[in-house]
Amino acid sequence: SSSGDIYYRDLVLALAAATFEKGLSPLLLSEHRSRELSLSDVTDRRADGVVLVIKENTEEFVKAATDAGVPCVTIGRDV
């Protein structure tokens with residue numbers, strides 16, 4: 001495993017533990033998904049918020065999710 005893979009694994013485990021500890025439902029959206037990320041993926045209330053750990057530009061998605069009342073942040077990309 002590369003150090004990036006270890007970082008990603010540890011990050012996902014820490015995020016999951018923190019959300020479960022607070023009684024929240026995490027939703028993991030991988031960069032290696034079979035289709036483009038859609039706002040409907042996160043607005044159906046399966047998750048209490050979204051942490052995007054992806055490299056692509058997500059500014060429009062984050063704004064739309066936030067405007068829809070879904071807390072959303074990004075980690076791991078240059079701005």
Side-chain angles (χ1 to χ4, degrees):
S1 280
S2 72
S3 62
D5 291 340
I6 292 170
Y7 167 79
Y8 182 75
R9 181 199 68 206
D10 290 347
L11 175 64
V12 169
L13 291 173
L15 288 170
T19 57
F20 288 134
E21 182 178 301
K22 296 295 182 182
L24 302 173
S25 300
L27 175 62
L28 174 62
L29 300 172
S30 172
E31 187 170 282
H32 305 288
R33 53 196 176 275
S34 60
R35 63 179 174 75
E36 190 67 28
L37 181 62
S38 166
L39 190 59
S40 65
D41 292 328
V42 299
T43 57
D44 63 3
R45 302 297 178 215
R46 286 183 291 162
D48 297 302
V50 179
V51 177
L52 296 168
V53 187
I54 56 180
K55 296 176 187 170
E56 66 193 40
N57 185 340
T58 57
E59 185 176 329
E60 287 181 28
F61 179 84
V62 171
K63 180 169 177 7
T66 303
D67 289 348
V70 179
C72 188
V73 297
T74 60
I75 296 175
R77 77 170 192 81
D78 296 331
V79 288

What pair of heavy atoms forms the shortest contact from Ala65 to Val42, and how long is it? CB-CG2, 4.5 Å
Considering all heavy atoms, the nearest Thr43-Ala68 contact: CG2-CB, 4.0 Å
To check you understand the geometry: which heavy-atom pair defines the closest contact between Phe61 and Cys72, and what is its length? CE2-SG, 4.2 Å
Could you name each residue pair satisfying salt bridge (charged side-chain N to carboxylate O under 4.0 Å, His left out) that touches residues 65-74, not counting sequence neighbours? Lys63-Asp67
I'd like to check the side chain to side chain contact (heavy atoms under 4.5 Å, CB included) partners of Leu24; sequence neighbours left out, ordered by chain and number. Thr19, Lys22, Asp48
